[in-house]
Student: 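Here it is, the structure, as structure tokens.
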Amino acid sequence: QVQLVESGGKLVQAGDSLRLSCIASGRNFSRAAMGWFRQASGNQRTFVAATDWDSGLTFDADSVTGRFTISSDNAGNTLYLQMNSLEPKNTGEYYCAARENTNINITARDYEYWGKGIQVTVSS
């Protein structure tokens, strides 16, 4: 059974940095893509960043390019999201997701596995 467990979320101030982690277990994540999504209160989950687990190819949402970086430690089955220069609009529940396909995808419904999410709050 695939499990994704996020950690690292907390309350920070605008301009601060934060790193989220997601430990994945339950399958071999070779030939899979993994990503981060954000859900603000009352809204749908929106794409933040994703990576091809094998090649390391990454793709970011325009709103975070240059500030957020997705990376992975394949040996440790861990996905990271380094977030710099945080803004109040980055506040939300952050979810780690995985899909059984190496194609990076920005659509939440195309990911089969999800973590429970972790809260990030950025105060102004």
Side-chain angles (χ1 to χ4, degrees):
Q1 180 178 358
V2 174
Q3 282 194 318
L4 304 175
V5 180
E6 302 96 338
S7 63
K10 64 178 182 178
L11 171 64
V12 297
Q13 292 189 330
D16 285 352
S17 296
L18 195 62
R19 189 175 79 161
L20 303 183
S21 300
C22 171
I23 297 178
S25 62
R27 64 152 279 177
N28 183 337
F29 286 89
S30 176
R31 289 186 285 181
M34 298 188 70
W36 290 96
F37 287 77
R38 181 181 68 87
Q39 186 169 20
S41 179
N43 295 326
Q44 294 182 335
R45 293 180 188 180
T46 57
F47 173 77
V48 176
T51 184
D52 174 338
W53 195 256
D54 286 340
S55 71
L57 181 69
T58 64
F59 184 75
D60 307 321
D62 288 344
S63 61
V64 305
T65 297
R67 297 188 300 121
F68 291 13
T69 303
I70 187 171
S71 63
S72 63
D73 170 8
N74 291 22
N77 267 12
T78 304
L79 183 72
Y80 300 102
L81 183 67
Q82 177 66 43
M83 304 186 290
N84 298 330
S85 301
L86 281 161
E87 303 170 353
K89 66 180 181 181
N90 300 131
T91 293
E93 191 87 356
Y94 281 74
Y95 293 88
C96 174
R99 66 188 302 256
E100 305 245 9
N101 190 301
T102 56
N103 292 330
I104 292 175
N105 195 299
I106 67 171
T107 306
R109 66 174 179 268
D110 288 332
Y111 287 76
E112 291 90 354
Y113 308 108
W114 291 86
K116 293 183 179 180
I118 194 158
Q119 180 67 31
V120 172
T121 303
V122 184
S123 65
S124 57

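Since the model is a prediction, treat every value here as computed from it, not as a measurement.
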Student: Could you pull out the closest heavy-atom pair between Leu4 and Ala24, with the gap in Å?
Tutor: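 That would be CD2-CB, 3.5 Å.
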Student: Closer than 3.5 angstrom, by distance alone: can the side chain of Ser123 be matched with the main-chain N or O of Val12 as a donor-acceptor pair?
Tutor: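 Yes, Ser123 side chain to Val12 backbone: donor-acceptor pair under 3.5 Å.
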Student: Under the 3.5 angstrom rule, does the side chain of Arg38 hit a backbone N or O of Gly92 as a donor-acceptor pair?
Tutor: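 Flag not set: sc Arg38 to bb Gly92 has no pair under 3.5 Å.
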Student: For Phe37, run the ring-ring contact (aromatic ring centres under 6.0 Å, His included) check against Tyr95, Tyr94, Phe47 and tell me which one passes.
Tutor: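 For Phe37, the ring-ring contact (aromatic ring centres under 6.0 Å, His included) check succeeds only for Phe47.
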Student: Judged by atom type as modelled, is there a donor-acceptor pair below 3.5 Å linking the side chain of Glu6 to the main-chain atoms of Lys116?
Tutor: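 Side chain of Glu6 to backbone of Lys116: a pair is present.
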Student: Quick one: list whatever passes salt bridge (Lys or Arg N to Asp or Glu O under 4.0 Å) with Glu100, sequence neighbours left out.
Tutor: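 Arg27.
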Student: If you group Ile, Leu, Val, Met, Phe, Trp and Tyr by side-chain heavy-atom gaps below 4.5 Å, do Ile118 and Leu18 land in one group?
Tutor: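 Shared cluster, yes.
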Student: Which value, rounded to the nearest 0.5 Å, describes the distance between Gln13 atom CD and Ser124 atom OG?
Tutor: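 Rounded to the nearest 0.5 Å, the CD-OG separation comes out at 9.0 Å.
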Student: May I ask you to test the Ile70-Asp60 pair for a side-chain heavy-atom distance under 4.5 Å?
Tutor: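 The answer is yes; the side chains approach within 4.5 Å.
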Student: With heavy-atom distances below 4.5 Å as the criterion, would you say the side chains of Cys96 and Trp36 are in contact?
Tutor: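 With C-beta onward as the side chain, the pair touches.
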Student: Looking at side-chain heavy atoms only, is the closest gap between Leu79 and Thr51 below 4.5 Å?
Tutor: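 Contact flag for Leu79/Thr51 side chains = yes.
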Student: Using every non-hydrogen atom in the two residues, find where Ser25 and Phe29 come nearest and quote the distance to one decimal.
Tutor: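 Closest approach of Ser25 to Phe29, heavy atoms only: N-CE1, 3.9 Å.
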Student: Does atom CD1 of Ile104 have more than 12 heavy-atom neighbours, drawn from other residues, nucleotides or ligands, at distances under 6.0 Å?
Tutor: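 Yes, CD1 of Ile104 has more than 12 neighbouring heavy atoms, counting only those of other groups under 6.0 Å.
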Student: Nearest 0.5 Å, what's the SG-CD distance between Cys22 and Gln3?
Tutor: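 Output value for this atom pair is 10.5 Å.
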Student: Is there side-chain contact between Met83 and Val120, with at least one heavy-atom pair below 4.5 Å?
Tutor: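 In short, these two side chains touch, coming nearer than 4.5 Å.
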Student: In Å and rounded to the nearest 0.5 Å, what is the CG to NZ distance from Leu20 to Lys10?
Tutor: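 One gets 11.0 Å once the value is rounded to the nearest 0.5 Å.
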Student: Using a 4.5 Å cut-off on heavy atoms from C-beta on, say whether the side chain of Gln119 contacts that of Thr91.
Tutor: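 Answer yes - side chains close enough.
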Student: Report yes if the side chains of Phe68 and Leu81 come closer than 4.5 Å at any heavy-atom pair, otherwise no.
Tutor: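 Yes, close enough: below the 4.5 Å cut-off.
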Student: Indicate whether the side chain of Asn103 and that of Asn105 have a donor and an acceptor atom separated by less than 3.5 Å.
Tutor: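 On atom types as modelled, these side chains do not qualify, holding no pair under 3.5 Å.
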Student: Locate the shortest heavy-atom distance separating Ser17 from Ser85; write the atom from each residue and the value.
Tutor: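 So the two residues come closest at OG-N, 4.2 Å.
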Student: Using modelled atom types only, decide if a donor and an acceptor are shared between the side chain of Thr78 and the backbone of Asn74 within a distance under 3.5 Å.
Tutor: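 Checked: no pair found.
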Student: Under a 4.5 Å side-chain heavy-atom rule over Ile, Leu, Val, Met, Phe, Trp and Tyr, are Tyr80 and Trp53 clustered together?
Tutor: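 Different hydrophobic clusters.
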Student: What are the two closest heavy atoms between Ala33 and Tyr111, and how far apart are they?
Tutor: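 Heavy atoms of Ala33 and Tyr111 come nearest at O-CE2, 4.2 Å.
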Student: Work out which heavy atom in Gly117 is nearest to a heavy atom in Glu93; give both atom names and the distance.
Tutor: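 Closest heavy-atom pair between Gly117 and Glu93: C-OE2, 3.3 Å.
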Student: Go through the steps for Arg67 and Asn90 under the test side-chain contact (heavy atoms from CB on, under 4.5 Å), then give the verdict.
Tutor: CA-CA 11 Å; Arg67 297 188 300 121; Asn90 300 131; 3.1 Å; yes
